[in-house]
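Below: one structure, written as structure tokens.
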Amino acid sequence: MFSRNHRSRVTVARGSALEMEFKRGRFRLSLFSDPPEDTELQRKLDHEIRMREGACKLLAACSQREQALEATKSLLVCNSRILSYMGELQRRKEAQVLEKTEAKARTFTQPPAPSQHLFLPPCPLDLRIPLMWKDTEYFKNKGDLHRWAVFLLLQLGEHIQDTEMILVDRTLTDISFQSNVLFTEAGPDFELRLELYGACVEEEGALTGAPKRLATKLSSSLGRSSGRRARASLDSAGGSGSSPILLPTPAVGGPRYHLLAHTTLTLAAVQDGFRTHDLTLASHEENPAWLPLYGSVCCRLAAQPLCMTQPTASGTLRVQQAGEMQNWARVHGVLKGTNLFCYRRPEDANTGEEPLITIAINKETRVRAGELDQAQGRPFTLSISNQYGDDEVTHTLQTESREALQSWMEALWQLFFDMSQWKQCCDEIMKIETPTPRKPPQALAKQGSLYHEMAIEPLDDIAAVTDILTQREGSRLETPPPWLAMFTDQPALPNPCSAASVAPTPAWTQPLPWGRPRTFSLDAIPPVHSPRARSVAPLPPQRSPRTRGFCSKGQPRTWLQSPV
Amino acid sequence: PTPLPGQDVAPQRVEIHKLRQGENLILGFSIGGGIDQDPSQNPFSEDKTDKGIYVTRVSEGGPAEIAGLQIGDKIMQVNGWDMTMVTHDQARKRLTKRSEEVVRLLVTRQSLQKAVQQSMLS
């Protein structure tokens with residue numbers, strides 16, 4: 001008996017994009033003889049409409065700015081989802097109508113080429129967006145602490161997901177979103193659009209003075225003609241390319257969110273590790289919600305094609321045992337991922353028993369519907385060949401009937417096609433965690449940061465750093481580190497004093513002007529253009545010294561060299 | 001290449017196409033360093049507590065030399081993977097993945113590090 005996973009044969013049918021007019025008030029699409037997916041979509045649409053009403057009421061009742069920010073965010077996300085679902089319903093309706101009219105004119109052609117697999121959950125995990133504050137703002141920490149509320153919107157197809165809202169001020173080096181986002185349906189040609197929205201926490205009126213000064217600074221620092229061009233291009237950024245997912249704020253009154261940056265990720269960005277992607281910046285300094293984004297986003301985009309995690313075919317087979325021409329074992333074959341598992345009994349597939357034989361199926365595998373061993377009265381065979389180094393290993397399998405052979409061949413062809421479409425996602429199964437309930441942001445060690453090489457342990461205490469330095473070998477502290485000048489308002493000592501061991505101590509008894517906790521590393525590569533010692537940023541030790549190093553087993557004694 | 005925050009000089013991007021030698025894909029250079037190594041023995045680093053990955057040797061005429069890698073370069077990233085907080089063996093593995101024929105490195109050079117150091121003293 002042969003069974004096939006039929007979900008894997010459905011194509012993602014997309015009609016042409018439609019522009020929908022946003023209608024105020026309640027609305028309902030009437031659908032005739034809805035397929036099950038459409039009723040599901042309608043249900044989601046109704047849900048979002050109810051959520052939207054709730055968000056409007058909440059916004060009207062808000063007294064505090066932060067509540068209003070959350071409510072506005074919910075409202076805007078609801079609006080976007082409503083538009084998106086309506087658009088999708090309309091597209092499906094059109095596709096159905098089109099099919100009916102075309103059916104009359106259809107002529108019989110060859111069966112279509114193997115179709116793409118549905119389903120993959122690309123889910124950006126642990127998203128981080130580095131910020132780039134001017135050193136004067138960041139290290140001096142003077143002036144009013146401006147705060148921004150930011151969140152990220154992710155769209156894939158008609159599905160929109162949002163992250164939690166995070167409050168950002170200039171003590172943060174990165175915007176870090178903890179929520180994992182999971183999309184459960186996409187084809188290999190997916191486009192995952194990320195958009196970063198921000199709003200001022202303070203009332204916008206208070207900031208009208210600053211933007212003009214900043215704008216002047218921007219154009220003068222870039223040089224007159226290039227500055228003009230840069231500003232002109234930024235002005236038109238809102239209109240270029242595709243329109244942002246988020247609609248303009250309704251006339252309810254409340255905080256205004258602005259699109260700060262966006263990017264689109266595709267299959268090429270999927271990798272089982274952290275990567276840095278470029279962000280397209282969409283706002284400029286005159287915008288009250290402007291944040292100094294560095295221009296990148298670091299995240300891990302993982303994808304699990306369905307063919308890797310679900311069995312795509314199963315059935316009874318007879319496998320020729322190695323070295324024994326006459327002995328064909330009866331097995332239950334399961335095609336899953338890049339392997340054909342042959343179990344002794346059908347139940348073994350579910351109980352975790354080891355299969356009798358596992359045959360690898362990858363891009364280099366060759367499959368033939370075989371005429372081998374026909375002479376021995378074994379029809380309906382197929383052979384699978386893999387190259388291992390210099391050896392070629394061939395497994396011959398006999399199926400139950402001609403139809404079963406055809407079905408197995410089709411399943412294998414489909415797998416080859418899917419592997420060619422999903423590319424690196426089929427090399428091995430990427431780990432995907434189901435989204436956890438949102439927790440408050442925590443400081444976690446991350447990979448792939450642009451700031452990363454300056455990480456210090458412990459992260460948030462300059463006094464502790466200087467403590468570490470005092471514990472190092474005495475010979476290293478003949479002169480106080482040059483960056484101390486920043487804390488002491490004195491020029492760095494130019495030459496070592498004769499009493500070398502005494503020198504560092506007085507400088508460190510002064511109270512440090514710095515009490516704010518840091519979430520990550522100190523961005524401490526000093527700006528080379530600063531002439532005065534005062535504004536030079538500290539260059540912390542590259543790694544924590546041995547006393548607090550990673551190796552708990554003791555100090556490493558070797559410095560290995562390896563050829564690659 | 002975009003500069004790191006606060007820097008005027010950009011790090012170098014080096015693209016190495018591996019060379020097939022029998023069963024292996026080689027790059028033609030050697031690495032030293034790692035968070036599990038003793039950084040004071042690193043002859044190339046300015047800061048002797050730097051536990052990063054450094055290029056200790058470049059084979060003449062090999063893929064790395066052709067691509068412009070130099071002895072003493074500090075490797076910051078390989079194909080997007082961070083290399084500033086890895087063990088020696090992790091670094092070696094990230095460079096020698098059999099599925100990758102091309103590796104794109106982000107490196108910083110000695111002259112850059114010296115310039116950074118000197119600017120602090122002035």
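These numbers come from the heavy atoms of this one structure, side chains and all, not from hydrogens, waters or symmetry mates. In what follows, chains carry the letters A, B, and so on, assigned in the order in which the sequence lines appear, proteins first and then strands, with residues in each chain numbered from 1.
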Heavy-atom pairs under 4.5 Å with chain A, option from B/Gly33, B/Ala91, B/Gly28 with the top count:
B/Gly33
If you measure from NE2 on B/His88 to OG1 on A/Thr558, what distance do you get to the nearest 0.5 Å?
8.5 Å
Quick one: does B/Gln37's side chain have a donor or acceptor within less than 3.5 Å of a partner on A/Gln561's backbone?
no
Heavy-atom pairs under 4.5 Å with chain A are the metric here; pick the option from B/Asn79, B/Ile26, B/Thr87, B/Ile31 that has the most.
B/Ile31
How close do B/Arg92 and A/Val564 get, heavy atom to heavy atom, and via which atoms?
CG-CG1, 3.9 Å
List the atom of A/Trp559, the atom of B/Pro43, and the distance in Å for their closest heavy-atom pair.
CZ3-CD, 3.8 Å
B/Asp89 versus chain A, the contacting section by heavy-atom distance below 4.5 Å
neither
Engaged part of B/Leu95 at the chain A interface, taking heavy atoms whose separation is under 4.5 Å:
side chain
Can you tell me if CD on A/Glu392 sees more than 12 non-hydrogen neighbours from other groups inside 6.0 Å?
yes
Can you give me the closest heavy-atom contact between A/Pro563 and B/Ser30, atom names plus distance?
CA-OG, 3.4 Å
